[in-house]
Amino acid sequence: MLNKKMLHIQITEAKDLHPQEEAQMVDLYLAHHHISREACLKRIQEGFDRLVIFRTHKNGRIVGYNGYKVRTFRAPGFLRPIMAVYLGQLFIEKAYRGSHPVQWSTLKIFLKHKLFRPWYKTVIWADALTYKPYLLIAKNSHSFYPNPEKPTPPAYHMLINYLGMTHYGESYNPASGTVTKQRKLLKDHVAPIRPRLLKNPLIRFYAEKNPGHSKGNGMLVLTDYDWLVMANVVIKVAKMNMRRRRKAWKNTFYRSTSPA
C-alpha cells in the first residue's frame, strides 16, 4: 500500500534543478496538457517562486510537482496583512495520489513561510481548471470560497477579485470569479465532468459557477489556512491512513486464512 513515507517532498528553487529533473517534470505534464515543451519548461523555470517536487523514496524518481508563489499585502476588510500562497501547475501520478501528497506539501509550505510571518493571515488560492482542485480545497478546509452553502463575505470577494485581476488582468471576470483561457490546456481525458458526478453538490456547484470549464476556463478558489486548519489536515490524513492500513491488514488476513 502506498503511504506518505514512500514519497519524499522537496521544496526547491528552479535554478537548483538539474536539466534531467526538468525533463522528467516536463514529460509528466505534457502527457496530460496541451502545451509545448518550451512553454512548459519556461513556466517551470520562471513562473514560480519555488517548486514542490514529489519523489519516490525507492529510487528518487520524480512522480509529480507543483509550483507556488507567495505574496504579502494589505487588503480592505482585514485587520492583519495577507500572505497569499498561489498553487499552480500541479500534477501527480495517479498511483501516488492516495498518499495525500498535496496535503503534506501544503503543510510544508505553510510551516516554511508562516514561521517567519506568524501574525499574517494566510490564504491559499488556485485557478481550478477542473473540479478536482476545488474539491481538494473544499474537503480540507473549514472556510473556503466560493462555497455552495454560504455567500462569499464582501472582504473575501474583494480579495478574490484583487488576486484574479492582479494575476490574470483582463482575462479575469470579477462578476463570475472565472478566468477565460485562450485555449484549453487540459487534454480531454483529464477530469471530465460526467453526468453522474453532478450528484455531488460541490462538483455541481463548480460546473454551474464555471460553465466554461469544458473550454478550459478556470475558477478562482480561496481558503483560509491557519494553525487550526493545519492541525485538522494532519488529523484527517492520519485517520484516512489508519483506515487504509486496517483495510489492507484485513484483506491480508482473510487471504492468508482462506482455504486454498
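Just so it is clear, the model here is predicted, and its values are computed rather than measured. Numbers here are sequence positions counted from 1.
Using a 4.5 Å cut-off on side-chain heavy atoms (C-beta onward), Asp224 and Ser141 make no contact. In this structure, Ile203 and Ile193 have side chains that are in contact, with non-hydrogen atoms separated by less than 4.5 Å. Val85 is not listed as a side-chain neighbour of Lys69, based on a closest heavy-atom distance of 4.5 Å or more. Proximity of Ile9 to Val52: side-chain heavy atoms (C-beta onward) are separated by under 4.5 Å at one or more points. Within the 4.5 Å cutoff, the side chain of Arg37 has heavy atoms near those of the Asp27 side chain. Within the 4.5 Å cutoff, no side-chain heavy atoms of Val123 are placed close to those of Phe78. Contact of the Arg43 side chain with the Tyr29 side chain is registered, since non-hydrogen atoms from C-beta on lie closer than 4.5 Å. Within the 4.5 Å cutoff, the side chain of Lys112 has heavy atoms near those of the Arg50 side chain.
Every residue meeting the side-chain contact (heavy atoms from CB on, under 4.5 Å) condition with Asp16, not counting sequence neighbours, appears here in chain and number order: Thr12, Glu13. Every residue two or more places apart in sequence or in another chain that forms a ring pair (Phe, Tyr, Trp, His ring centres under 6.0 Å) with His189 is listed here: His32. In this structure Ser105 satisfies the side-chain hydrogen bond (donor to acceptor under 3.5 Å, both in side chains) test with no other residue, sequence neighbours excluded. Under the rule for a side-chain contact (heavy atoms from CB on, under 4.5 Å), the partners of Lys150 that lie at least two apart in sequence or sit in another chain are Tyr145, Asn147. Scanning for side-chain hydrogen bond (donor to acceptor under 3.5 Å, both in side chains) contacts around Lys184 gives Asp188, with sequence neighbours left out.
Residue pairs satisfying the side chain to side chain donor-acceptor pair (under 3.5 Å) criterion with at least one member in residues 198-207, sequence neighbours excluded, are listed as follows: Tyr206-Asn210.
Checking side-chain atoms of Tyr134 against main-chain N and O of Pro146 turns up a donor-acceptor pair under 3.5 Å. Although no hydrogens or angles enter the test, the distance criterion places a donor-acceptor pair under 3.5 Å between the side chain of Asn140 and the main chain of Leu136. Side-chain N or O atoms of Thr106 include one that pairs as donor or acceptor with a backbone N or O of Gln103 at under 3.5 Å. Between the Thr223 side chain and the Ser143 main chain, a donor and an acceptor come within less than 3.5 Å of each other. A donor-acceptor pair is defined here as one N or O able to donate and one able to accept, closer than 3.5 Å; such a pair exists between the side chain of Lys187 and the backbone of Leu30. In terms of modelled atom types and a separation under 3.5 Å, the side chain of His157 and the main chain of Thr152 share no donor-acceptor contact. Within the 3.5 Å criterion, the main-chain N or O of Gln20 finds a donor-acceptor partner in the side chain of His18. Between the side chain of Glu93 and the backbone N or O of Val63 there is no donor-acceptor pair closer than 3.5 Å.
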Discussion item. Between His113 and Tyr68, does the ring-ring contact (aromatic ring centres under 6.0 Å, His included) criterion hold? Intermediate values first, please.
Written reply: CA-CA 12 Å; His113 296 278; Tyr68 74 90; 5.5 Å; yes

Discussion item. For a side chain to side chain contact (heavy atoms under 4.5 Å, CB included) check, start with the C-alpha distance between Lys181 and Tyr168, then their side-chain angles and the critical distance, and finish with the verdict.
Written reply: CA-CA 10 Å; Lys181 306 293 183 179; Tyr168 297 103; 3.8 Å; yes

Worksheet item: What's the verdict on ring-ring contact (aromatic ring centres under 6.0 Å, His included) for His167 and Trp125, showing C-alpha distance, side-chain angles and the deciding distance?
Response: CA-CA 11 Å; His167 199 81; Trp125 70 284; 5.3 Å; yes

Discussion item. What verdict does the side chain to side chain contact (heavy atoms under 4.5 Å, CB included) test give for Ile11 and Lys108, after you've listed the backbone C-alpha separation in whole Å, the side-chain angles of each residue and the deciding distance to 0.1 Å?
Written reply: CA-CA 8 Å; Ile11 296 179; Lys108 197 164 186 175; 3.8 Å; yes

Practice prompt. Any chance you could lay out the side chain to side chain contact (heavy atoms under 4.5 Å, CB included) test for Leu87 and Phe48, step after step, and finish with the verdict?
Written response: CA-CA 9 Å; Leu87 301 180; Phe48 303 99; over 6 Å; no

Item to complete: Report the C-alpha distance between Ile44 and Val26 in whole Å, list the side-chain angles of each, state the deciding distance to 0.1 Å, and finish with yes or no for side chain to side chain contact (heavy atoms under 4.5 Å, CB included).
Response: CA-CA 8 Å; Ile44 290 172; Val26 171; 3.9 Å; yes

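In this structure, CG on Leu129 lies 9.0 Å from CG on Asn217, to the nearest 0.5 angstrom. Atom CG of Leu41 is separated from atom CE of Met25 by 9.0 Å, given to the nearest 0.5 angstrom. Note that the OH atom of Tyr225 and the NZ atom of Lys121 stand 14.0 Å from one another [nearest 0.5 Å]. Interatomic distance, OG1 of Thr178 versus CE of Met219, reported as 9.0 Å (0.5 Å rounding). The CG atom of Leu17 sits 10.5 Å away from the CD atom of Gln24 when rounded to the nearest 0.5 Å. His8 contributes atom NE2, which lies 10.5 Å from atom CD1 of Ile62 (distance to the nearest 0.5 angstrom).
Note: Phe144 and Tyr156 fail the aromatic proximity criterion, with ring centroids not under 6.0 Å apart.
Side-chain heavy atoms closer than 4.5 Å link hydrophobic residues (I, L, V, M, F, W, Y) into clusters, and following such links, even through other members, never connects Leu228 to Ile124. Cluster annotation: Tyr162 and Leu220 are assigned to the same hydrophobic cluster (Ile/Leu/Val/Met/Phe/Trp/Tyr, side-chain heavy-atom contacts under 4.5 Å, transitive). Transitive grouping of hydrophobic side chains (ILVMFWY, heavy atoms separated by less than 4.5 Å) brings Trp104 and Val229 into a common cluster. Linking ILVMFWY residues whenever their side-chain heavy atoms come closer than 4.5 Å, directly or via other members, places Met83 and Trp119 in the same cluster. Phe110 and Leu51 sit in two unconnected hydrophobic clusters of ILVMFWY residues. Membership requires side-chain heavy atoms under 4.5 Å apart, directly or through other members.
For the residue pair Arg55 and Gln10, a side-chain donor N or O sits within less than 3.5 Å of a side-chain acceptor on the partner. Residues Tyr65 and Gln89 have side chains that bring a donor and an acceptor to within less than 3.5 angstrom of each other.
Between Arg61 and Glu21, none of the side-chain N atoms (NZ, or NE/NH1/NH2) sits under 4.0 Å from a carboxylate O, so this pair counts as no salt bridge. Checked for salt-bridge contact, Asp226 and Lys114 miss the test: no charged N lies under 4.0 Å from a carboxylate O.
In terms of heavy-atom proximity, Ile137 sits nearest to Ala126 at CD1-CB, 4.5 Å. Of all non-hydrogen atoms in Ala155 and Pro76, the two that sit nearest each other are CB-O, 4.1 Å.
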